[in-house]
Amino acid sequence: MLEDGEHVTTVHRGNFATERSNLESPNPELERLQGDVMEQQKESGGDLGACGYVLYGLSIVLVVLFFPFSLCFTIKIVQEYERAVIFRLGRVVSGGAKGPGMFFVYPCLDEFKKVDLRTTAFDVPPQEILTKDSVTVAVDAVVYSRIFDPTMSVCNVENAQYSTKLLAATTLRNVLGTKNMSELLSERETISEQMQTILDVSTDPWGIKVERVEIKDVRLPQQLQRAMAAEAEASREARAKVLAAEGEQKASRALKEAADIMMESPAAIQLRYLQTLNSIAAEKNSTIIFPLPIDLLSSMVKK
């Protein structure tokens, strides 16, 4: 347990100092709020006042009189992923959040609040949004966030997670309201990154880091879905007809070239007839129609 008179130079601990030093640009509002928290901590380590010293003495007396049973009420433990923000007579104790491990609190003098530092995920309820091109869609998302400064998350906002959830819902509506429906469907990653940047800057004074934002689902009206399906079907049919026409054109050119070659050699036509007859006989048909050359019939009619 740190002594009351010990001075504090920062409210960050462990790896959080490294993470905060990697911010792209300084946030004046965040620095001002951190300064206010530090001032409160310094004041809490100063003069407690007459009543404060009386209560401080009574706490020590109670701990000594009921020792060792008083240890059950004075020694607290927080997990590796938790931190404890201690309030002494309503002021934040100097030294910032305590933990992980054991720490000491004075009975009837201190109270503390546990803060979970693990990443939490919450769903943004579906929002009815009017896009830039006047199309109504329902969009929902999921947000991943964590607390990087326990003291700020307790002192600067009543309920950090709930406030972040409400802010995410309004940010989703504001961002998607500036996008067309085509951009909404094709640029999800860009929209997610834009929302993450806005939320991260807005939640810094609350001690919350928004790590990731993902658009889950975009639901279109049934009438619009039918219209888009009809448009896509018409587009596919048009492409199919174009491909069929191109195939017919290539086939006709190939047939013309083959006919020109056969015209140069009359024997080639007879061989083609025999090949056709062989193909028909291979199918085990009972009736075989054998084509005769037109030239042969014409010569027989003249005789």
Side-chain angles (χ1 to χ4, degrees), residues 10-31 33-34 37 78-85 96-101 112-129 131 137-179 181 183-220:
T10 180
V11 295
H12 302 298
R13 292 176 60 87
N15 297 330
F16 296 122
T18 303
E19 295 182 21
R20 296 305 297 161
S21 63
N22 293 330
L23 289 176
E24 296 180 356
S25 59
N27 191 337
E29 182 67 17
L30 178 60
E31 294 178 356
L33 292 172
Q34 289 177 341
V37 173
V78 292
Q79 304 297 329
E80 180 68 28
Y81 53 84
E82 294 178 332
R83 297 295 183 271
V85 180
K98 302 298 187 291
F112 68 95
K113 292 185 178 181
K114 289 184 180 180
V115 179
D116 195 333
L117 302 184
R118 292 176 294 182
T119 299
T120 59
F122 58 85
D123 292 325
V124 179
Q127 304 292 315
E128 293 287 340
I129 299 170
T131 61
V137 295
V139 184
D140 56 354
V142 60
V143 179
Y144 299 87
S145 63
R146 62 177 176 83
I147 295 176
F148 69 85
D149 192 318
T151 304
M152 296 177 64
S153 66
V154 173
C155 297
N156 293 348
V157 64
E158 180 180 1
N159 190 327
Q161 294 296 336
Y162 181 69
S163 300
T164 304
K165 185 176 182 179
L166 294 180
L167 182 62
T170 56
T171 304
L172 179 65
R173 297 178 65 90
N174 294 336
V175 171
L176 297 184
T178 61
K179 304 293 183 180
M181 187 187 66
E183 297 175 346
L184 179 60
L185 298 176
S186 61
E187 300 180 1
R188 290 193 179 187
E189 293 184 0
T190 303
I191 296 174
S192 299
E193 292 176 358
Q194 184 179 357
M195 284 189 58
Q196 179 184 353
T197 302
I198 296 174
L199 287 175
D200 195 18
V201 173
S202 301
T203 56
D204 268 346
W206 301 342
I208 293 180
K209 171 70 176 178
V210 177
E211 297 180 339
R212 191 180 184 88
V213 178
E214 291 292 340
I215 303 297
K216 289 179 58 179
D217 189 20
V218 179
R219 289 186 292 275
L220 304 176

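For the single chain, residues carry numbers from 1 onward in sequence order.
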Under 3.5 Å: donor-acceptor pair, side chain of N174, backbone of T170 = yes

What distance do C155 atom SG and M152 atom CE have between them, rounded to the nearest 0.5 Å?
-> 9.5 Å

What distance do D204 atom CG and K209 atom NZ have between them, rounded to the nearest 0.5 Å?
-> 7.0 Å

Can you see which heavy atom on L172 is nearest to which on V139, and at what distance?
-> CD2-O, 3.8 Å

Above 12 or not: heavy atoms from other molecules or residues under 6.0 Å from CZ of F122?
-> yes

Side-chain touch V218/R188, heavy atoms, less than 4.5 angstrom = yes

Any side-chain heavy atom of R212 sitting closer than 4.5 Å to one from S145?
-> no

Here the gap from I129 atom CD1 to K179 atom NZ, rounded to the nearest 0.5 Å, amounts to 12.5 Å

Rounded to the nearest 0.5 Å, what separation is found between the CD atom of E193 and the CD atom of E214?
-> 9.5 Å

When every non-hydrogen atom of F148 is compared with those of I208, the smallest separation belongs to CE2-N, 3.4 Å

Is the number of heavy atoms from other residues, nucleotides or ligands under 6.0 Å of Y162 OH greater than 12?
-> no

Just wondering, do L184 and I191 contact through their side chains at under 4.5 Å, heavy atoms?
-> yes

Do I198 and S202 come close enough that some side-chain heavy atom pair is under 4.5 Å?
-> yes

Looking only at heavy atoms, which two atoms of N156 and W206 are closest? And how far apart?
-> O-CD1, 4.3 Å

May I ask you to decide if D140's main-chain N or O and D217's side chain share a donor-acceptor pair within less than 3.5 Å?
-> no

Over all atoms of both residues, closest heavy-atom pair of V78 and G99 | CG2-CA, 3.6 Å

Main-chain N/O of P150 paired to S153 side chain as donor or acceptor, under 3.5 Å | yes

Between Q196 and E211, is there a donor-acceptor pair closer than 3.5 Å when you use the side chain of the first and the backbone of the second?
-> yes

Would you say R173's side chain and E128's backbone share a donor-acceptor pair under 3.5 angstrom?
-> yes

Non-hydrogen side-chain atoms of T131 and E183 separated by less than 4.5 Å = no

Heavy-atom side-chain proximity of L176 to Q127 below 4.5 angstrom | no

Between the main-chain N or O of G96 and the side-chain N or O of K98, is there a donor-acceptor pair closer than 3.5 Å?
-> yes

From E187 CD over to I215 CD1, what is the distance, rounded to the nearest 0.5 angstrom?
-> 12.0 Å

Verdict with reasoning, R83 to I147, per side-chain contact (heavy atoms from CB on, under 4.5 Å) | CA-CA 10 Å; R83 297 295 183 271; I147 295 176; over 6 Å; no

At what distance, to the nearest 0.5 angstrom, does CD of Q194 lie from OG1 of T178?
-> 6.0 Å

Grab the two heavy atoms, one from Q79 and one from P100, that are nearest each other, plus how far apart they are.
-> O-CB, 3.3 Å

4.5 Å side-chain heavy-atom contact, L199 and T164 = no

